[in-house]
There are 2 protein chains.
Amino acid sequence: MKAFDHPKVEDISLSTVLSALGDPIRLSIVTQLTLNEGEIGWGAIEVAVGKATLSHHMKTLRNAGLIHHRKDGTRCFVALRFDVNVLFPGVLESILHAAAQTSSASAPIMT
Amino acid sequence: MKAFDHPKVEDISLSTVLSALGDPIRLSIVTQLTLNEGEIGWGAIEVAVGKATLSHHMKTLRNAGLIHHRKDGTRCFVALRFDVNVLFPGVLESILHAAAQTSSASAPIMT
DNA sequence: TTGTATGTTCGATGCCTATCGAACATACTA
DNA sequence: TAGTATGTTCGATAGGCATCGAACATACAA
């Protein structure tokens with residue numbers, strides 16, 4: 001039951017964060033995390049890819065320092081990390097706000 | 001002679017913008033544009049790639065809606081587009097602010 | 001017209017990434 | 001113990017992207 005690797009705050013890079021959020025699927029995942037104050041289980045995440053691909057995207061978000069990944073039994077729970085807010089003030093807030101605006105007018109699944 | 005294609009404001013996508021800014025070279029270019037209020041000539045852009053690669057990155061930034069690309073004679077001038085500010089308020093500002101903070105110790109400052 | 005300067009495009013190369021199915025590991029359950 | 005549920009990892013595939021040199025296009029200058 002090895003724990004997941006999470007980067008330290010000082011190792012979080014702006015380019016990596018933006019690159020991670022540049023993918024529509026990952027941006028959608030982070031948006032869904034925002035709607036939940038605390039953690040969210042894997043089963044509650046709506047995404048149109050298989051579990052192997054989802055695991056890959058989770059690893060990308062985790063390595064970028066955007067989420068915290070916790071395992072409990074056979075299930076996984078993820079939550080937003082707010083270290084990015086401290087490192088890059090306003091970046092995550094404005095992106096999530098913009099994503100909420102644009103995704104509310106269009107389809108939940110993006111192209 | 002032929003002008004460059006620029007996307008309309010309504011065609012600018014958040015994912016594309018973030019993906020474009022996710023590349024360190026392009027983020028550096030946009031940062032250098034911020035330091036200049038108006039336009040900046042190609043020759044004044046400091047980047048460690050060849051002109052073919054630079055042209056490619058410029059096209060990416062242009063297609064993302066981040067810059068305006070103008071040709072004057074044999075030379076090119078680029079400037080930040082502020083449509084992104086209208087579409088996604090705070091996104092560009094916070095990113096550029098964060099980039100200026102983190103790159104202040106490494107990246108050269110324009111005169 | 002010839003040459004020069006500035007970018008763009010093309011072709012090729014190599015790397016990275018998104019995706020899936022299948023196999024594996026782990027933890028719970030009957 | 002055997003079975004089930006939940007993710008991770010592996011192998012493979014396909015596509016995209018960054019990079020370069022070379023060829024091309026355009027505009028200006030001599």
Side-chain angles (χ1 to χ4, degrees), chain A residues 1-7 13-30 32-33 39-79 109-111, chain B residues 1-7 13-33 39-79:
Chain A
M1 150 168 203
K2 59 178 179 181
F4 295 107
D5 287 331
H6 292 83
S13 130
L14 180 59
S15 286
T16 307
V17 168
L18 296 179
S19 183
L21 294 176
D23 183 272
I25 289 186
R26 288 193 290 265
L27 185 58
S28 165
I29 293 174
V30 173
Q32 294 180 45
L33 291 181
E39 287 180 321
I40 183 177
W42 262 56
I45 301 177
E46 296 184 8
V47 69
V49 291
K51 59 179 184 176
T53 304
L54 179 57
S55 181
H56 157 71
H57 284 304
M58 285 303 184
K59 188 176 183 180
T60 302
L61 287 173
R62 187 182 350 120
N63 289 337
L66 280 165
I67 64 172
H68 182 260
H69 203 164
R70 185 176 65 86
K71 201 163 192 175
D72 182 19
T74 63
R75 292 196 292 174
C76 286
F77 294 88
V78 287
I109 306 297
M110 43 200 71
T111 56
Chain B
M1 191 64 156
K2 61 176 181 183
F4 295 107
D5 286 332
H6 292 84
S13 133
L14 180 59
S15 288
T16 307
V17 167
L18 296 178
S19 183
L21 294 176
D23 183 273
I25 288 186
R26 288 192 290 264
L27 184 58
S28 164
I29 292 174
V30 173
T31 302
Q32 294 180 43
L33 291 181
E39 289 180 320
I40 181 176
W42 262 56
I45 301 176
E46 297 185 5
V47 69
V49 292
K51 59 179 184 176
T53 305
L54 180 56
S55 181
H56 159 69
H57 284 305
M58 286 303 184
K59 188 176 183 180
T60 302
L61 288 173
R62 184 175 3 115
N63 289 337
L66 279 166
I67 65 173
H68 181 261
H69 203 165
R70 184 176 67 85
K71 201 163 190 173
D72 183 20
T74 62
R75 293 195 292 174
C76 287
F77 295 87
V78 287

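When reading the values below, keep in mind they use all heavy atoms of this one structure, side chains included, and skip hydrogens, waters and symmetry mates. All chains are named by letter (A, B, ...) in the order of the sequence lines, taking the proteins before the strands, and each is independently numbered beginning at 1.
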Q. Which nucleotide sits closest to the side chain of A:Arg75: D:dG7, C:dT9, C:dA22?
A. D:dG7

Q. Which pair of heavy atoms, one from A:Leu18 and one from B:Gly22, lies closest together, and at what distance?
A. CB-CA, 3.8 Å

Q. When you check the phosphate oxygens OP1 and OP2 of C:dG7, does a side-chain N or O of B:Ser55 lie under 4.0 Å from one of them?
A. no

Q. NA contact type, B:Ile25, heavy-atom cut-off 4.0 Å: base, sugar-phosphate, or nothing?
A. sugar-phosphate

Q) Would one find a side-chain N or O of A:Arg26 under 4.0 angstrom from OP1 or OP2 of C:dA18? A) yes

Q | Atom-to-atom span, CG of B:Asn63 to P of C:dT9 - whole angstrom | A | 10 Å

Q) Please walk me through it: do A:Met58 and A:Ile45 pass side chain to side chain contact (heavy atoms under 4.5 Å, CB included)? A) CA-CA 11 Å; A:Met58 285 303 184; A:Ile45 301 177; 3.2 Å; yes

Q: Measure from the side-chain heavy atoms of B:His69 and tell me the nearest of C:dT8, D:dT8, C:dT19.
A: C:dT8

Q) Taking atom P of C:dA5 as reference, at what distance in whole Å does atom NZ of B:Lys51 sit? A) 11 Å

Q. Can you check the B:Leu54 CG to D:dG21 C1' distance for me, whole Å?
A. 16 Å

Q: Check every atom of C:dT9, D:dG7, C:dT8 against the side chain of B:Lys71 and return the nucleotide holding the closest atom.
A: C:dT8

Q. OP1 or OP2 of C:dG21 less than 4.0 angstrom from a side-chain nitrogen or oxygen of A:His56, does that happen here?
A. no

Q | Under-4.0 Å side-chain N/O to phosphate OP1/OP2 contact, B:Thr53 with D:dC20 | A | yes

Q. What's the closest nucleotide to the B:Thr74 side chain, out of D:dA27, D:dT8, C:dT8?
A. D:dA27

Q. Among C:dT19, C:dT8, C:dC20, which nucleotide sits nearest the side chain of A:Ala52?
A. C:dC20

Q.
Using whole Å, what does the distance between atom P of nucleotide D:dT8 and atom CG of A:Leu61 come to?
A. 12 Å

Q: Might you work through the side chain to side chain contact (heavy atoms under 4.5 Å, CB included) test for B:Val30 and B:Leu61, ending with a clear yes or no?
A: CA-CA 9 Å; B:Val30 173; B:Leu61 288 173; 3.9 Å; yes

Q: Report yes if a side-chain nitrogen or oxygen of A:His57 is closer than 4.0 Å to either non-bridging phosphate oxygen (OP1 or OP2) of D:dG7; otherwise report no.
A: no

Q. If you look at every heavy atom in B:Asp23 and A:Ser15, which pair is closest and at what distance?
A. C-OG, 4.4 Å

Q) C:dT19, D:dA18, D:dT6: which one has an atom nearest the side-chain heavy atoms of A:Val49? A) C:dT19

Q: Would you kindly give the CG-to-C1' distance between B:Asp5 and C:dT8, to the nearest whole Å?
A: 13 Å

Q: Could you tell me the separation between the CG atom of A:Asp23 and the P atom of C:dC16, rounded to a whole number of Å?
A: 18 Å

Q: Would you indicate what B:Phe4 reaches in the nucleic acid, counting non-hydrogen atoms under 4.0 angstrom: base, sugar-phosphate, or nothing?
A: sugar-phosphate

**Q.** Spacing of B:Lys59 atom NZ relative to D:dT19 atom P, expressed in whole Å
**A.** 16 Å

Q: Could you pull out the closest heavy-atom pair between A:Leu33 and A:Ala79, with the gap in Å?
A: CD1-C, 4.5 Å

Q) Separation of A:Trp42 atom CH2 from D:dG7 atom C1', in whole Å? A) 6 Å

Q. B:Ile29 and B:His57: which non-hydrogen atoms are nearest, and at how many Å?
A. CD1-CB, 4.4 Å

